[in-house]
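The figures here come from the full heavy-atom set of this structure, side chains too, leaving out hydrogens, waters and symmetry mates. Naming: A, B, ... by sequence-line order, numbering from 1 per chain.
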Amino acid sequence: RQRDTPPRDPNPMLLSQSPAATHPQLPTSSSRRTRRSAQPCPRGAAAESLLPRGLRPESLPRHVAVVMDGNSRWARARGMPPAFGHEAGRRALVETVRLSRAWGIRALTAFAFSHENWSRPKAEVDFLMGLFERVIHDSVAEFLRDGIRLRVIGDCSRLPASLRRTARDAEEATRDNSQLDLTLAISYSGRRDIVQACRSLAQKVRGELLRPEDIDESLFAGELETSRGSELPCPDLLIRTSGELRLSNFLLWQSAYSELFFTDTLWPDFGEADYLEALCSFQSRDRRFGRRNS
Amino acid sequence: MPKHIAFIMDGNRRYAKSRSIKQGTGHSVGFAALMASLIYCYEMGVKYITVYAFSIDNFKRDPSEVKTLMELMEEKINELLENKNVINKVNCKINFWGILDMLPEPVRLAAQKLMASTAENTGLVFSVCMPYNSTSEIANAVTELCKERRDMMQGQQASGRNGRPANGGACSDISVSDLDRHMYTAGCPDPDIVIRTSGETRLSNFLLWQTTFSHLQNPDPLWPEFSWRHLVWAILQYQRAYPYIEQNKDLAKKQL
């Protein structure tokens with residue numbers, strides 16, 4: 001697997017390279033994590049509905065979230081425009097969806113476009129909006145065949161009307177599917193999700209449907225975008241690619257107890273081997289939720 | 001230099017086990033490591049330190065361990081009250097963030113006394129989260145904000161129509177900064193770095209709202225082993241990622 005080390009850009013683009021990913025001497029968290037893995041994970045093609053050796057079905061995460069970072073860097077390393085990277089990123093997502101379904105993961109949430117990404121150059125934003133619309137529209141048949149239920153979360157007020165329509169139609173068409181819940185976060189921000197939930201509750205208080213004293217964690221959690229129509233709003237495992245070590249306003253509330261897995265791999269290169277590594281790492285972790293095991 | 005570092009002090013019990021000493025002693029050694037880290041941070045110019053001392057989830061642990069921890073906290077808080085060397089050295093203002101009512105009364109009273117006695121200090125700001133959960137902090141902030149809005153609306157209704165538009169009760173203008181105001185961390189900058197020791201890679205319901213752009217680190221040493229050189233290494237890693245972190249923070253602020 002090739003490790004990309006793009007040359008230093010005097011005018012780094014948004015979401016540009018991280019120094020940690022390119023420094024030759026100092027250990028990165030990803031390489032340390034690989035050394036610490038419980039056992040090496042077997043590589044090899046996964047047959048449909050068969051888990052690779054080494055993965056135990058009972059200790060797989062039920063809900064995986066991915067921050068798909070690194071498309072632009074990947075494209076720049078090849079001397080290509082960002083759109084080339086985003087197309088490659090789309091292929092990586094398709095593969096991740098396929099593998100998730102094959103390995104029995106119940107839910108996958110992908111951070112496709114954050115609220116902060118609106119600051120990107122207009123041409124890139126327009127391309128991405130078009131890409132999302134095209135991908136969603138073209139995938140509906142496949143979703144129906146494979147039993148995938150699609151949901152789109154995020155601030156849809158800024159999305160082009162045609163993308164909003166396409167997303168709603170796809171959600172409606174796949175509503176009864178039950179093999180895999182796929183959530184695409186487009187124009188999403190964890191803080192804004194919390195704010196909209198707060199507004200919604202404040203509105204109910206104003207309408208005297210609720211008293212402030214009645215608000216507790218589970219009532220609040222029910223107002224978050226990720227809770228609507230979902231049995232598994234909280235990811236067990238959150239994967240972030242391209243070496244960035246932060247959550248960047250993704251699922252804030254929902255990732256309170258998520259195991260975090262950071263990898264230097266850029267998103268378009270994220271494939272079966274990387275996914276296996278993340279899942280093996282998850283399996284080897286000791287999830288205590290504040291308690292003790294002994 | 002980071003202004004604010006947050007620590008999830010994980011590994012006291014494993015440390016005790018590996019050295020065949022009592023659990024309580026592991027926590028005591030952890031406390032010593034904490035005091036040392038405070039001084040190192042202060043000397044390097046870090047102004048805010050926040051630590052995750054006790055999670056609300058930790059109450060589910062074995063009652064004898066919870067009791068040991070509570071007794072240790074009471075002992076250490078009282079030590080700090082009596083012997084103010086460390087506090088005076090860093091001119092420390094101490095906050096306790098969490099649902100203090102859940103603490104046994106002697107611990108709660110000692111904590112409140114320590115907060116009051118350091119309230120006027122202007123040096124290092126040391127915040128201890130106990131017993132704390134970020135989700136309960138957020139839910140609490142939402143409740144407080146809803147109460148505030150309801151009271152504003154009722155106040156306007158009570159004072160009668162006076163020609164001014166009654167938008168104090170409007171909910172659509174509730175913003176990130178409104179919620180910020182009601183968090184325990186109001187007035188404090190967000191952590192630049194979150195360090196969780198002992199190699200675990202999760203936040204465990206710590207400062208979820210405030211750490212969205214923080215640099216997350218999970219060094220292998222157990223908390224009692226965390227020393228000056230680990231701290232320097234943590235800051236160096238942060239500094240290497242700094243230009244990129246700042247760029248993203250600026251972009252995020254524009255979109256809020």
Quick one: what part of [X] sits under 4.5 Å from any heavy atom of chain A, side chain, backbone, both or neither?
{"X": "B:N140", "result": "neither"}
{"X": "B:E137", "result": "neither"}
{"X": "B:S134", "result": "neither"}
{"X": "B:L203", "result": "both"}
{"X": "B:S214", "result": "backbone"}

- N-O pairing of A:R246 and B:D192 below 4.0 Å: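 Looking at A:R246 and B:D192, the cut-off is not met.
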Roughly how far apart are [X] [atom1] and [Y] [atom2], rounded to 0.5 Å?
{"X": "A:L251", "Y": "B:T212", "atom1": "CG", "atom2": "OG1", "value": "10.0 Å"}
{"X": "B:E144", "Y": "A:C198", "atom1": "CD", "atom2": "SG", "value": "11.0 Å"}
{"X": "A:F220", "Y": "B:C146", "atom1": "CZ", "atom2": "SG", "value": "9.5 Å"}

Pick from [options] with the largest number of heavy-atom pairs that fall under 4.5 Å of chain A:
{"options": "B:A141, B:S55, B:A139", "value": "B:A139"}
{"options": "B:L208, B:I138, B:T135, B:D57", "value": "B:T135"}
{"options": "B:N58, B:T143, B:D178, B:N133", "value": "B:T143"}
{"options": "B:H215, B:Q217, B:R202", "value": "B:R202"}

Considering all heavy atoms, the nearest [X]-[Y] contact:
{"X": "A:N249", "Y": "B:F213", "value": "CB-CZ, 4.0 Å"}
{"X": "B:S175", "Y": "A:V195", "value": "C-CG2, 4.0 Å"}
{"X": "A:P212", "Y": "B:R150", "value": "CD-NH1, 3.3 Å"}

- Query: Does the pair B:W209 and A:R191 meet the rule for a side-chain contact (heavy atoms from CB on, under 4.5 Å), with working shown?
  - Reply: CA-CA 7 Å; B:W209 174 265; A:R191 279 186 179 168; 3.8 Å; yes
- Task: Report yes if some heavy atom in the side chain of B:R149 is under 4.5 Å from a heavy atom in the side chain of A:R206; otherwise report no.
- Result: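 B:R149 does not reach A:R206 side chain to side chain.
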- Message: Would B:V142 and A:L201 count as a side-chain contact (heavy atoms from CB on, under 4.5 Å) here? Give the steps.
- Response: CA-CA 8 Å; B:V142 168; A:L201 286 172; 4.0 Å; yes
- Message: side-chain contact (heavy atoms from CB on, under 4.5 Å), that's the test. Do A:F261 and B:T201 meet it? Break it down for me.
- Response: CA-CA 7 Å; A:F261 183 82; B:T201 327; over 6 Å; no
- Dump the intermediate steps for side-chain contact (heavy atoms from CB on, under 4.5 Å) on B:K147 and A:E213, then the final yes or no. CA-CA 8 Å; B:K147 273 189 197 159; A:E213 296 75 22; 3.5 Å; yes
- Task: Evaluate whether atom NZ of B:K60 has more than 12 neighbouring non-hydrogen atoms of other residues, nucleotides or ligands under 6.0 angstrom away.
- Result: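 Atom NZ in B:K60 is packed in, count exceeds 12.
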